[in-house]
Amino acid sequence: MHNIRFIRKNSELFIKKIKTRNVDLDYKIISNLDEINRKLITDKENLERDKKEISKKKDKTLFEKSKEISIEIENLTKKQSEIQNELNKILSNLPNLPHEDVPIGKDENSNKVVNTVGSIRNFDFKVKSHFELGEKLNMLDFDLATKTTGSRFVFIKNQLAMLERAISNFMIDLHTKHNGYVEVSPPLIASSDSMYGTGQLPKFENDQFELKLDDSNERKFLIPTAEVILTNMVKNQMLSINDLPIRLVASTPCFRKEAGSYGKDTKGMIRQHQFHKVELVSIVTPEKCLEELERMTNCASMVLDKLKLPYRKIILSTGDMGFSAEKTYDLEVWLPSENKYREISSCSSCGTFQSNRMKTRYKGKSNEILNPGTLNGSGLAVGRTLIAIMENYQNSDGSIEIPEVLKPYMNNLDKISVN
RNA sequence: GGAGAGAUGGCUGAGCGGUUGAAAGCACCGGUCUUGAAAACCGGCAAAGGGGCAACUCUUUCCUGGGUUCGAAUCCCAGUCUCUCCGCCA
């Protein structure tokens with residue numbers, strides 16, 4: 001959530017920047033609420049001081065007066081917290097401000113390609129989509145998932161299931177052994193304040209799968225990405241500067257409700273309610289954010305390099321970035337059947353936006369209290385990597401070659417073909 | 001599911017109705033000493049919010065929410081979480 005004092009002091013900059021995020025902001029409402037709020041706080045505090053003094057004097061003749069003050073304080077407190085809530089509600093629904101070097105634009109059409117890597121293979125036969133390949137192999141079964149669960153789920157079977165596991169293991173090994181991330185196997189369920197901390201709540205409640213655990217009023221959600229649970233590991237915490245940077249990696253299933261509602265990518269496993277993703281999270285000192293974002297994006301693209309999959313790196317425009325991000329790179333992998341690049345990773349710096357919400361702080365060199373920067377990125381989406389491998393490594397007979405680096409993870413299997 | 005114990009500053013841990021924002025220790029920061037470091041000694045050190053250009057000042061906060069009281073970390077009620085023992089269980 002944005003700091004109201006920052007907004008007050010930099011109102012022009014704030015208004016200008018928030019506009020680039022497709023937000024229709026009425027600044028007057030905010031400044032009005034802020035002013036009323038502060039007035040109420042001052043009034044309340046004055047009364048509290050009076051009351052305190054009476055209590056210190058222990059003068060019985062003033063006790064009656066003190067009681068009266070208490071009632072007044074109660075009234076003011078109630079009013080003040082109502083105003084505060086109203087203000088917070090507005091503020092907590094405002095997205096992060098974009099970094100200066102983010103292209104300004106309405107939507108994905110303003111995204112900019114940074115670079116393109118790898119060469120697109122020339123097929124001398126008609127390429128099949130991953131779902132055609134998978135169903136022919138009898139290793140992807142969408143109908144079965146519909147029977148047991150519903151639409152937008154899939155069964156992956158046999159060697160393709162092993163390939164999915166191999167992809168995940170390969171990526172985790174790369175990030176832990178080579179890139180300095182610490183592996184975590186986290187809970188897949190997050191509390192509502194964790195969801196608030198990373199920015200899924202309150203605005204994107206409808207995209208989440210909510211669970212009913214018990215009779216308590218506490219709300220729990222299936223994680224839409226491991227970012228939520230990994231980043232919130234430092235929630236409500238005072239870190240030491242010596243703890244930073246923290247780099248974490250986890251391979252988890254992710255659950256998203258929104259996937260079904262768009263009516264796009266209805267075929268195949270591009271957009272599912274449940275998918276595996278290897279997630280990278282970094283907690284760093286705020287001035288290191290952009291540097292860390294480059295590093296993280298390199299860690300993600302390294303996976304594509306090693307898998308020899310053609311891809312491009314793009315920088316998202318202000319209109320296409322996620323709620324909590326200040327700067328985002330997407331990696332898009334080439335999908336032959338669609339004849340275009342599709343998102344396979346998204347790496348974002350969130351600056352201090354999330355640490356503010358999570359109340360994560362650290363003590364700097366001379367004990368000053370600061371918010372750390374948080375970053376998250378997919379390294380990579382496992383399901384989509386599986387798709388990319390199937391399509392880019394397919395043969396004319398419908399078999400699929402195993403990328404060299406994955407063979408050790410596949411019992412040295414060379415090729416997946418019909419049994 | 002049954003029976004107990006607990007929740008206090010970055011950490012450990014005292015306090016159990018009135019100068020307690022909170023003893024003590026550790027950690028951290030500054031200094032003295034030292035060729036340098038360690039040790040020792042001296043000093044500093046909670047956060048959030050309001051007002052002020054600032055020095056500074058005020059308010060709140062001892063798990064959360066209610067209650068008692070002129071006054072609550074301290075008493076009462078409800079809730080949450082943690083720990084120990086028993087039962088059950090992957």
Side-chain angles (χ1 to χ4, degrees), chain A residues 1-11 30-92 185-197 201 211-221 229 232-246 253 283 285-286 352-372:
Chain A
M1 185 166 85
H2 292 289
N3 187 315
I4 184 68
R5 276 181 301 175
F6 172 85
I7 296 177
R8 203 186 298 143
K9 278 187 185 151
N10 308 278
S11 54
I30 293 180
S31 68
N32 240 334
L33 285 172
D34 179 39
E35 225 162 274
I36 297 170
N37 188 232
R38 279 149 64 208
K39 170 86 166 62
L40 286 170
I41 289 173
T42 310
D43 293 351
K44 187 182 79 164
E45 288 184 351
N46 285 337
L47 287 175
E48 278 167 341
R49 200 177 50 214
D50 294 349
K51 187 180 164 183
K52 216 173 175 178
E53 238 146 68
I54 292 176
S55 163
K56 266 188 188 159
K57 279 183 192 154
K58 300 187 204 171
D59 181 348
K60 278 191 183 168
T61 63
L62 293 172
F63 285 178
E64 208 44 48
K65 168 88 179 155
S66 174
K67 276 191 175 176
E68 280 166 30
I69 293 176
S70 293
I71 293 168
E72 265 184 83
I73 290 176
E74 206 175 313
N75 285 335
L76 278 176
T77 305
K78 206 176 154 195
K79 262 190 218 160
Q80 190 262 325
S81 72
E82 272 167 23
I83 298 290
Q84 183 87 61
N85 285 342
E86 209 173 315
L87 183 59
N88 284 352
K89 199 175 162 190
I90 295 172
L91 294 180
S92 61
S185 173
L188 305 179
I189 295 172
S191 63
S192 54
D193 54 312
S194 289
M195 296 287 278
Y196 173 80
L201 294 183
L211 299 174
K212 182 145 183 67
L213 276 197
D214 51 37
D215 293 335
S216 82
N217 292 324
E218 278 197 30
R219 307 179 69 192
K220 310 277 187 200
F221 299 84
I229 206 85
N232 275 286
M233 283 167 75
V234 296
K235 179 177 72 183
N236 282 328
Q237 208 175 321
M238 180 75 79
L239 301 165
S240 153
I241 191 167
N242 301 320
D243 298 332
L244 306 177
I246 296 171
I283 318 284
T285 55
T352 56
F353 187 80
Q354 292 180 326
S355 64
N356 230 308
R357 291 178 153 239
M358 294 190 297
K359 297 190 169 53
T360 305
R361 295 151 305 162
Y362 73 97
K363 285 199 177 177
K365 278 272 181 266
S366 38
N367 282 343
E368 71 277 27
I369 306 290
L370 299 162
N371 285 117

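Order of the sequence lines fixes the chain letters, A, B, ..., with proteins taken first and strands second; residue numbering starts at 1 for each chain.
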>> From CG of A:Asn85 over to P of B:rG49, roughly how many Å is that when rounded to an integer?
In response: 16 Å

>> Does anything in residues 69-79 of chain A form a side chain to side chain donor-acceptor pair (under 3.5 Å)? List the pairs, not counting sequence neighbours.
In response: A:Lys51-A:Ser70

>> Would the distance check show the side chain of A:Asn37 and the main-chain N or O of A:Leu33 forming a donor-acceptor pair, the cut-off being under 3.5 Å?
In response: no

> Does A:Lys39 have any salt bridge (Lys or Arg N to Asp or Glu O under 4.0 Å) partners at least two apart in sequence or in another chain, and if so, which?
Replying inline: A:Asp43

>> Using a 3.5 Å limit on both distances, find every run of at least three consecutive Watson-Crick or G-U pairs that involves RNA chain B.
In response: B:1-7 with B:80-86, B:10-12 with B:24-26, B:28-32 with B:40-44, B:46-51 with B:56-61, B:63-67 with B:75-79

> Base, sugar-phosphate, or nothing: which does A:Ile369 touch, judged by heavy atoms less than 4.0 Å apart?
Replying inline: sugar-phosphate

> Say you pick atom C1' in B:rG10 and the same atom in B:rG44; how far apart are they, in whole Å?
Replying inline: 16 Å

> Does A:Lys359 have any side-chain contact (heavy atoms from CB on, under 4.5 Å) partners at least two apart in sequence or in another chain, and if so, which?
Replying inline: A:Asn236

> Distance between the C1' atoms of B:rA3 and B:rG21, in whole angstroms?
Replying inline: 37 Å

Can you give me the N/O atom pairs linking the protein to nucleotides 60-66 of chain B at distances under 3.5 Å, or say none if there are none?
| unit_1 | atom_1 | unit_2 | atom_2 | d |
| --- | --- | --- | --- | --- |
| B:rU60 | OP2 | A:Lys52 | NZ | 3.2 |

> For A:Asn371, does its backbone N or O pair with a side-chain atom of A:Ser355 as donor and acceptor, under 3.5 Å?
Replying inline: no

>> Run the side chain to side chain donor-acceptor pair (under 3.5 Å) test against A:Arg361 and tell me which residues pass, sequence neighbours left out.
In response: none

Extract from the structure each pairing of a protein N or O with an N or O of nucleotides 51-53 of chain B at less than 3.5 Å, listing the distance.
| unit_1 | atom_1 | unit_2 | atom_2 | d |
| --- | --- | --- | --- | --- |
| B:rG51 | OP1 | A:Arg38 | NE | 2.6 |
| B:rG51 | OP1 | A:Arg38 | NH2 | 2.9 |

>> I'd like to check the salt bridge (Lys or Arg N to Asp or Glu O under 4.0 Å) partners of A:Lys44; sequence neighbours left out, ordered by chain and number.
In response: none

>> If you assign each of A:Asn46 and A:Asn3 to its closest nucleotide in RNA chain B, which residue comes earlier from the 5' end?
In response: A:Asn3

> Can you name the residues that form a salt bridge (Lys or Arg N to Asp or Glu O under 4.0 Å) with A:Arg8, not counting sequence neighbours?
Replying inline: A:Asp34

> A:Ser92: what forms a side-chain contact (heavy atoms from CB on, under 4.5 Å) with it, not counting sequence neighbours?
Replying inline: A:Met1, A:Tyr196, A:Pro202, A:Arg357

>> Please report the distance separating the C1' of B:rU84 from the corresponding atom of B:rU32, rounded so that it comes out in whole Å.
In response: 49 Å

>> Can you list everything that forms a salt bridge (Lys or Arg N to Asp or Glu O under 4.0 Å) with A:Asp50? Sequence neighbours excluded, please.
In response: none

> Could you run down nucleotides 68-78 of chain B 5' to 3' and tag each one B, S or - for protein heavy-atom contact under 4.0 Å?
Replying inline: --BS-------

